[in-house]
Structures are given as structure tokens and as C-alpha cells.
Amino acid sequence: MKLMFLGAPGAGKGTQAEIVSEKYNIPTISTGALLREAMAKGTELGKSAKSYIDAGNLVPDSVVIGIIEHRLKEDDCKDGFILDGFPRTVPQAQALDAMGVNMDLVISIEVPDEKIVTRMGGRRLCKKCGSTYHILYNPSETEGKCDKCDGELYTRADDVPEVVKERLHVYHDQTEPLKDYYASKGKLVTVEGQEQVADTTALTLAAIEKFRG
Ligand code: AMP
């Protein structure tokens, strides 16, 4: 199964992708996570991506398309995968088509902008494994520590309000048109993001099961 999550930054794509990934045993591929990993390692890719990410802008299409092309060739993608945060522009979606990758289902998680801005301050990530948490809606069992690997939790530099506003602007301008792109191919379903993660998960899994018939 090849699934894609669309949605504004902070809508809960990453959290849902992690849950669905465990349930169906298919990997999640997040370009944001791959870029953060490169930044943490200080690679050339990481260094060149940092200025875009810190400003809330998109990393150039050619860079992320290259990352995805490489990643999808790995063995664990053979039986399907979940795309989280890619594509983010129409040219990226076209590049995916050109690679011969046909998505089965595209799930757009809808959350109004006002809610996103207030939510983002509570978001936390694991330094070691990249798992995502929220201090109110999806807290870790021990404060500041990852449930999965005991890594330290941190707040992303691009989750501060000014950058979040820019990321939302970029989302509406460049990424939201992908909803029409996939709707016209009959692949799009929308899920209203709920306050509690488990409620959004129930809607997400229902959409996936409906597709699987
Ligand atoms: P995310 O973790 O998905 O919120 O991504 C964090 C940041 O990484 C974004 O704000 C962009 O700067 C960059 N990024 C991630 N995925 C892409 C993509 N598909 N195209 C361009 N930039 C991306």
C-alpha cells in the first residue's frame, strides 16, 4: 500500500504516519525528518537545507526529489510506504509520477490555521529517533523523554510563531494545490483533524480500511 499524508504543518501528518506505519508495517518516509537528520550530522545537504528550513521556506524541488528517488529504491519500500511531507509542490508530485510511483490513497488532514499556530508551541521531537509528541495532546510517558528510545525531546527551531506563519503561507500557496491534483485522480480523502490524536487516528484508519475494502 502506498499512502500519502497532506496537510498544513502541525496538522498531525507525522503522528498519524507513525501510527499507520506501525499498524501496517510499512515505512514512513518524511523528507523533513531526512533533512533534519542531515542537519544534525552536518552533511553538505544538511548545511544547504538549514537556511531554507529555519526561514520556513521550502528546500528546492531538485534536492528533495533526489532524496526521495534515492530513498524509495531501498529494500524496505518494496511492499509499500507512507509519504509524509512529500510532495509539497506540484512539480514534486509530477516528479513522483515520472518515477512511476502511483499512490493508492492521499489523506489530507484538515486543521484550521488558528488552531495550528496555538498547537505548534506544544510540539516536541525526539533528538535520537525523531518521534513526535505534543505536551497536551500526545504527551510522552516521562516528561522530556521519548517513549520509544529514551532520547531527549526538543522543540523544533521552525516551530516558533513567526516561522509557523511563514510555513502556513507556503503551505496554502504551494502545497494546498496538491489536493486538487490528487482529487482529479480520484485519490484524495480528507480527514478533519481532531483535538485528540486517537480520534484523528480512528478517522484515518476508517478511510484506509474503506479504501482497502
Ligand atoms: P516537515 O518536518 O515536514 O514539517 O518539514 C520541515 C521543513 O523541511 C519544511 O518546512 C521545509 O523547509 C523542508 N521540507 C520538508 N519536506 C520538503 C519538501 N517535500 N519540499 C521542500 N521542502 C521540504
Side-chain angles (χ1 to χ4, degrees), residues 2-18 20-21 27-41 43-72 81-99 101 103 106-109 111 113 116-117 119-134 138 153-179 181-182 193:
K2 297 186 191 105
L3 292 177
M4 179 189 294
F5 280 100
L6 286 179
K13 299 186 294 294
T15 304
Q16 294 305 321
E18 276 174 35
V20 173
S21 162
T28 293
I29 298 161
S30 154
T31 37
L34 292 169
L35 291 165
R36 277 188 292 281
E37 207 179 290
M39 287 200 296
K41 284 187 186 150
T43 63
E44 284 310 310
L45 168 68
K47 282 184 213 156
S48 64
K50 189 175 177 353
S51 57
Y52 297 101
I53 294 178
D54 286 354
N57 294 323
L58 294 183
V59 172
D61 285 340
S62 58
V63 175
V64 284
I65 290 167
I67 294 175
I68 283 288
E69 198 160 21
H70 184 77
R71 180 65 185 85
L72 292 182
F81 48 81
I82 301 167
L83 292 182
D84 162 23
F86 181 94
R88 262 183 159 94
T89 64
V90 170
Q92 290 179 19
Q94 288 165 337
L96 197 60
D97 291 344
M99 287 174 217
V101 176
M103 301 312 294
V106 176
I107 301 171
S108 175
I109 304 184
V111 175
D113 285 8
I116 299 271
V117 180
R119 264 193 197 189
M120 294 293 252
R123 191 149 89 151
R124 300 288 181 270
L125 255 77
C126 173
K127 252 187 195 161
K128 253 205 237 167
C129 75
S131 292
T132 49
Y133 297 90
H134 192 284
N138 184 27
L153 303 187
Y154 75 105
T155 305
R156 274 168 55 172
D158 59 344
D159 276 354
V160 297
E162 315 81 73
V163 182
V164 170
K165 281 187 192 137
E166 179 57 23
R167 289 165 66 202
L168 278 171
H169 169 73
V170 169
Y171 169 73
H172 291 301
D173 191 44
Q174 304 204 50
T175 308
E176 213 167 14
L178 290 176
K179 289 202 280 184
Y181 186 89
Y182 288 109

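All heavy atoms count here, side chains included; hydrogens, waters and symmetry mates do not. One-based numbering, in listed order, for ligands and for the atoms of each.
- Within the 4.5 Å cutoff, no side-chain heavy atoms of T89 are placed close to those of Q94.
- Screening R119, R123, R124 for a side chain to side chain donor-acceptor pair (under 3.5 Å) with D159, the sole residue that qualifies is R123.
- Within the 4.5 Å cutoff, side-chain heavy atoms of Q16 are placed close to those of F5.
- In this structure, K13 contributes its side chain and G7 its backbone to a donor-acceptor pair below 3.5 Å.
- A distance-only check finds no donor-acceptor pair linking the side chain of Q92 to the backbone of F86 [under 3.5 Å].
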Quick check for students: name every N or O atom pair between ligand 1 and the protein closer than 3.5 Å, with distances.
from: ligand 1; atom 1: 2 (O); to: R36; atom 2: NH1; distance (Å): 2.8
from: ligand 1; atom 1: 2 (O); to: R36; atom 2: NH2; distance (Å): 3.1
from: ligand 1; atom 1: 2 (O); to: R156; atom 2: NH1; distance (Å): 3.1
from: ligand 1; atom 1: 3 (O); to: R88; atom 2: NH1; distance (Å): 3.0
from: ligand 1; atom 1: 3 (O); to: R88; atom 2: NH2; distance (Å): 3.1
from: ligand 1; atom 1: 4 (O); to: R88; atom 2: NH2; distance (Å): 3.2
from: ligand 1; atom 1: 4 (O); to: R156; atom 2: NH2; distance (Å): 3.0
from: ligand 1; atom 1: 4 (O); to: R167; atom 2: NH2; distance (Å): 3.3
from: ligand 1; atom 1: 12 (O); to: N57; atom 2: O; distance (Å): 2.6
from: ligand 1; atom 1: 16 (N); to: T31; atom 2: OG1; distance (Å): 2.7
from: ligand 1; atom 1: 16 (N); to: G85; atom 2: O; distance (Å): 3.3
from: ligand 1; atom 1: 16 (N); to: R88; atom 2: NH1; distance (Å): 2.9
from: ligand 1; atom 1: 19 (N); to: G85; atom 2: O; distance (Å): 2.9
from: ligand 1; atom 1: 19 (N); to: Q92; atom 2: OE1; distance (Å): 2.9
from: ligand 1; atom 1: 20 (N); to: Q92; atom 2: NE2; distance (Å): 2.9
from: ligand 1; atom 1: 22 (N); to: V59; atom 2: N; distance (Å): 3.0

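- Residues D158 and Y52 bring no donor and acceptor atom of their side chains to less than 3.5 Å of each other.
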